[in-house]
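Each chain gets a letter, A, B and so on, in the order its sequence line appears, and its residues count up from 1. Just so it is clear, the model here is predicted, and its values are computed rather than measured.
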There are 2 protein chains.
Amino acid sequence: MGKNQPDLLPGTLDMLILKTLTRAPLHGYGIAQSIKRLSDDVLTVEEGSLYPALQRLLLQGWVKAEWKMTDTRRRARYYTLTAAGRKQLGLELSQFEQVIGAIGRVLRDAEA
Amino acid sequence: MGKNQPDLLPGTLDMLILKTLTRAPLHGYGIAQSIKRLSDDVLTVEEGSLYPALQRLLLQGWVKAEWKMTDTRRRARYYTLTAAGRKQLGLELSQFEQVIGAIGRVLRDAEA
DNA sequence: GCCTATGTATAGATAATCTATGGGTAGAAA
DNA sequence: TTTCTACCCATAGATTATCTATACATAGGC
């Protein structure tokens, strides 16, 4: 069978993760749950997308990680947004809005 | 140097092409120009993205192609939207809006 | 003891895009 | 008549980002 529909829009995952971390530090699983819940189950972040993305963000210095215990008494890696990450988020947000606006103009057939 | 910024949002190209063809049949070059102009130069469709995309659309039966002469007296391949293509466009539009809405909710941090 | 939810992580496949390149014509300018 | 620019099509290969599938591990409820 297969779903034949992507779980999210390619190119938006890093932005979504960074945004999610502006509220509070979260572990990977929590980030995925948060995005899923806030999007009313429209966006699903698979593990195979999430953890590589978090590695990318760590490497870029946009988040930092720390092992802690969850309130359910399990080891988990908590990610925190860095200053550079906050700046990057701002950049990605403005680029995203610009592109979405441009797509909207094409879809609405705005004539010069 | 290099630009370090994508020319468009991955996953949206087919939709943009189909939408562009709802106005009138166009050749590849014309499609690219149209998208560029309507988006105020924000979206740029490279040939290496455009022609493979048109091949995909042909294979799916969403467009059909015909060689004609342009008003500048050159051979060009004109693409026309098929009924199936129109249906597909509707599908992609609604999915796109759903995903964009979901992303918007996450970015605005809508709490349940 | 088993099941479910919680948690991290990687390997490999897949898909879509970009870069780079090749070919070719019309018309204007030099 | 050569050269330049705009017009036109197309593909190979690299790159990037995502998904699928898998592996491992623990807490708590049944």
- prompt: So what does A:G11 touch, heavy atoms closer than 4.0 Å: a base, only the sugar-phosphate, or nothing?
  reply: sugar-phosphate
- prompt: What are the residues of residues 70-78 of chain A, sorted by number, that bring a heavy atom to within less than 4.0 Å of DNA chain C?
  reply: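 When residues 70-78 of chain A is checked for heavy atoms under 4.0 Å from DNA chain C, the hits, listed by number, are A:T70, A:T72, A:R74, A:A76, A:R77.
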statement: In numerical order, the residues of residues 47-67 of chain B whose heavy atoms come under 4.0 Å of DNA chain C are B:G48, B:S49, B:R56
Report the distance from atom [atom1] of [X] to atom [atom2] of [N], rounded to the nearest whole Å.
| X | N | atom1 | atom2 | result |
| --- | --- | --- | --- | --- |
| A:I31 | C:dA9 | CD1 | P | 11 Å |
| B:R37 | D:dA6 | CZ | P | 17 Å |
| B:M15 | C:dA16 | CE | C1' | 14 Å |
| B:E46 | C:dT21 | CD | C1' | 13 Å |
| A:Y29 | D:dA27 | OH | C1' | 13 Å |
| B:H27 | D:dA6 | NE2 | P | 16 Å |
| A:Q33 | C:dT8 | CD | P | 11 Å |
| A:D7 | C:dA15 | CG | C1' | 14 Å |

- prompt: Can you tell which of D:dT18, C:dG7, D:dC9 lies closest to the side chain of A:P10?
  reply: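 In terms of side-chain proximity for A:P10, the closest of D:dT18, C:dG7, D:dC9 is D:dT18.
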query: Is B:L13 linked to B:L93 within one hydrophobic cluster, defined over Ile, Leu, Val, Met, Phe, Trp and Tyr using a side-chain heavy-atom separation of less than 4.5 Å?
result: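 Yes, same cluster.
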Is the shortest side-chain heavy-atom distance between [X] and [Y] below 4.5 Å?
| X | Y | answer |
| --- | --- | --- |
| B:I100 | A:F96 | yes |
| A:Q88 | A:Q60 | no |
| B:L9 | A:L9 | yes |

field: Helical bend (five base pairs per end, nearest 10°) for the helix from C:dG1-D:dC30 to C:dA30-D:dT1
entry: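 Between the axes fitted at each end of the helix from C:dG1-D:dC30 to C:dA30-D:dT1 lies an angle of 0°.
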task: Start with the C-alpha gap between A:V45 and A:D7, add the side-chain angles, then the distance that decides, and say whether side-chain contact (heavy atoms from CB on, under 4.5 Å) holds.
output: CA-CA 7 Å; A:V45 183; A:D7 291 326; over 6 Å; no
message: Treating B:R37 as the side-chain partner and B:Q33 as the backbone partner, does any N or O pair qualify as donor plus acceptor under 3.5 Å?
response: no
task: Check each of B:Y79, B:Y78, B:W67, B:Y51 against B:H27 using the ring-ring contact (aromatic ring centres under 6.0 Å, His included) test, and report the only one that passes.
output: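 Among B:Y79, B:Y78, B:W67, B:Y51, the one meeting ring-ring contact (aromatic ring centres under 6.0 Å, His included) with B:H27 is B:Y78.
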